[in-house]
Each structure stands twice: as structure tokens, then as C-alpha cells.
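In what follows, every heavy atom counts, from backbone to side chain, and hydrogens, waters and symmetry copies are set aside. Chain A is the first sequence line, chain B the second, and so forth, proteins listed ahead of strands; every chain is numbered from 1.
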2 protein chains.
Amino acid sequence: MGITMSHLKEMFRERQYKLTAQRQIVLQAFLDHQDEHLSAEDVHNILRNQSSEIGLATVYRTLELLSDLGVLQKMNFGDGRSRYEINEASTTRHHHHHLICLACGKVKEFEDDLLETLENAVARKSNFKIVDHQLKFYGYCQECQEK
Amino acid sequence: MGITMSHLKEMFRERQYKLTAQRQIVLQAFLDHQDEHLSAEDVHNILRNQSSEIGLATVYRTLELLSDLGVLQKMNFGDGRSRYEINEASTTRHHHHHLICLACGKVKEFEDDLLETLENAVARKSNFKIVDHQLKFYGYCQECQEK
DNA sequence: GTTGATGCAAAACTTTTGCAACACG
DNA sequence: CGTGTTGCAAAAGTTTTGCATCAAC
């Protein structure tokens, strides 16, 4: 069970942010493109293509807002721009991680819940209060291995 | 046992790269600043401050070269620039990971060798040939917790 | 009505690139 | 000496910002 538009409305009311059309369609773009790691420009293009006009600066501002709220998670796959995806950690404890192909750059998802115990161990030893983690594997995807 | 300047010279000879003064002082900067996550500009400043003149473009080109060789590892902590550190994985199997404070942005290192088994499991299930991994924990450092 | 949000264009940054001069092997 | 490397300045790309206009509450 991920986040929904109603969740967003509630969060915004609580914090007295204005619920604008732009903010809703940005979240909707992520709901329509689950597990796709969209960049700011991706979101801008998606919205323009469905005739939902929005300024690129507003996209950036909204992505930052949604990240601060924990709705989105900002990530970096080394392609020179930030990418975002819905932060499942905000509603469930269901984590997934990323396999990044060093040859073609493709990013594949990987399900995992095995890091809980490690996280607890790290928290105890380091005196950090840990709230999230992010794990990336680098390697070569099957297709690139065959070449 | 990490990489040394002799290692670098040998690697360069093998691959017929030229061993320029600039390439040596860039590596030296990392040897002099272990576990510091330097950005291109950091390296540029460090070298300028010790009167080792070098162009910023050359720093970028050298960082890319050393990353391709596996000597450095490129990373991103969300501050809008790439950061690099000596890639211990190239000489030993001794990994370390990062604890990033969401309040003050400070990055702390964390020792770990526990991910080997997970890496193997992931490799088997995903058909990826995994060569490296990177793990980040997000949370609040002790100082920021006390505020 | 107020106040925060948007859109545009300009600005700020980081990173890349073209090209003449240079220096390693 | 030849070819790869450097330095500079310009270009490219992403992200941020100032400000007038607009719209949510």
C-alpha cells in the first residue's frame, strides 16, 4: 500500500501548504510511472505531453517539497541529474534497491528486507538515529555480459 | 593496504597512459586526505594551496580516468556535486559505507564486511554480474539528536 | 483580501569540450 | 619527434532565484 492522492491532501492541510493543481499532477505523474526513477525533465515532459502545462522551475520546487515531506526519495545514478521515486519507506517497511549496469546504465530493481538487522547494528554502534538506507549494486546485466 | 603511487605508475605503464605530474598530484591529494570525499573543486583548491598549479578541467579529466581505472570511486551525497574517494575495493575486500546526517549533512564512515552474502544472493537471483556495491544510511548524528 | 505559489527569464553552478601549446615516452 | 595531455575559455546542462502575476484558502 503506497501513498495516495488523499494522503497528500491530508499532509498538505496539516502543514498548511496550498494544494495547487501543479502539486497534484506532479505526484500523479509518479503514481502513473511506478518504479521509473523520473528526473525533473522527465516529469516536465510527461506533464506537457498530457497537456498539463507546468513550469520547469515549479517542477523542481515541487520535487524538493515532496522530498522534504518524505513522499519522494531523491537519488542519483551517476547520469548527471537527480532522479526521484515514490518513497515506499514512508508508508511501509518494504525496501527495494537498485542494480546499476556499468555498461549500458540500465537500472533494475531488487526487492529486499534483509537489511533491517544490519541497520539496527549500525545504529547501535554509531550513535546515529537511522531513518532510512539506500543500497546500490554495480555490475553487468545479463545482456551486456553476453556481448 | 591501499593503493600507492607505485601501483599507479605500474598501472599507467601497462596501459600506456602518460605519467604526468598532474595525475600524480591528484592521486597524492587523495592519499593525503584519506576518508574525506573530495569534490573536483576540493582537489583543485588543495593543489593550488600547496602551489601545485593545475587546471580545473584537468582535475575533472583525471578524476574520470582514475575512476575508470577503479582507483577512485565516484559518489554522490546529494550536495549537487560528485565526490570521490580511494576505492579500497580495488586492492582489498574491505568495504566501508556512509552514514549521512539529514540535519547537518555530515558524512561518517562505517566499517562493514557483512554484505558479501547478500551480494551473492542478489547476483544469483538477478543474473547480474555484480562487481561492487554502495550502501548509505540516512539519519541524525548524535550532536543533531541532542538539539 | 493575504499570503504563498507559479512562470518566466536570468543567474548560478557543475561538468564537458574545442583547440593551440606543451611534454612524456 | 609524435601523440597524448594540459590549460584556457567557451559551451553545455542542470538547478536555483528574483520578481511580477496569479490563485488557494
Checklist entry - Which heavy-atom pair separates A:Ala103 from A:Cys144 by the least distance, and what is that distance? => result CB-SG, 3.6 Å

Checklist entry - Rounded to whole angstroms, how far apart are CG on B:Leu63 and C1' on C:dT15? => result 11 Å

Checklist entry - Within this structure, what is the NE2-to-C1' distance between B:His44 and C:dT16, rounded to whole angstrom? => result 15 Å

Checklist entry - What are the two closest heavy atoms between A:Ala29 and A:Leu47, and how far apart are they? => result CB-CD2, 4.1 Å

Item to check | Inter- and intrachain pairs under ring pair (Phe, Tyr, Trp, His ring centres under 6.0 Å), touching residues 38-65 of chain B, at least two apart | outcome: none

Checklist entry - Looking just at side-chain N and O atoms, do A:His37 and A:Glu109 make a donor-acceptor pair shorter than 3.5 Å? => result yes

Checklist entry - Which pair of non-hydrogen atoms, one from A:Ile130 and one from A:Ala123, has the smallest distance, and what is that distance? => result CD1-N, 3.8 Å

Checklist entry - Can you pull the side chain to side chain donor-acceptor pair (under 3.5 Å) pairs that have at least one residue in residues 14-26 of chain A, sequence neighbours excluded? => result none

Checklist entry - Does anything in residues 68-82 of chain B pair up under side chain to side chain donor-acceptor pair (under 3.5 Å), and if so which pairs, sequence neighbours excluded? => result B:Gln73-B:Asp132, B:Asp79-B:Arg83

Item to check | Sequence-aligned protein contact record of nucleotides 6-14 of chain D, with B where the base is within under 4.0 Å of a protein heavy atom and S where only the sugar-phosphate is | outcome: BBB-----S

Checklist outcome for this item: Of A:Ala21 and B:Ala21, the one whose nearest nucleotide on DNA chain C sits closer to the 5' end is A:Ala21

Next on the checklist: Could you work out how much the helix from C:dG1-D:dC25 to C:dG25-D:dC1 bends, comparing the axis of its first five pairs with that of its last five, to 10°?
Outcome noted: 40°

Checklist outcome for this item: With sequence neighbours left out, the residues meeting side chain to side chain contact (heavy atoms under 4.5 Å, CB included) with B:Asn120 are none

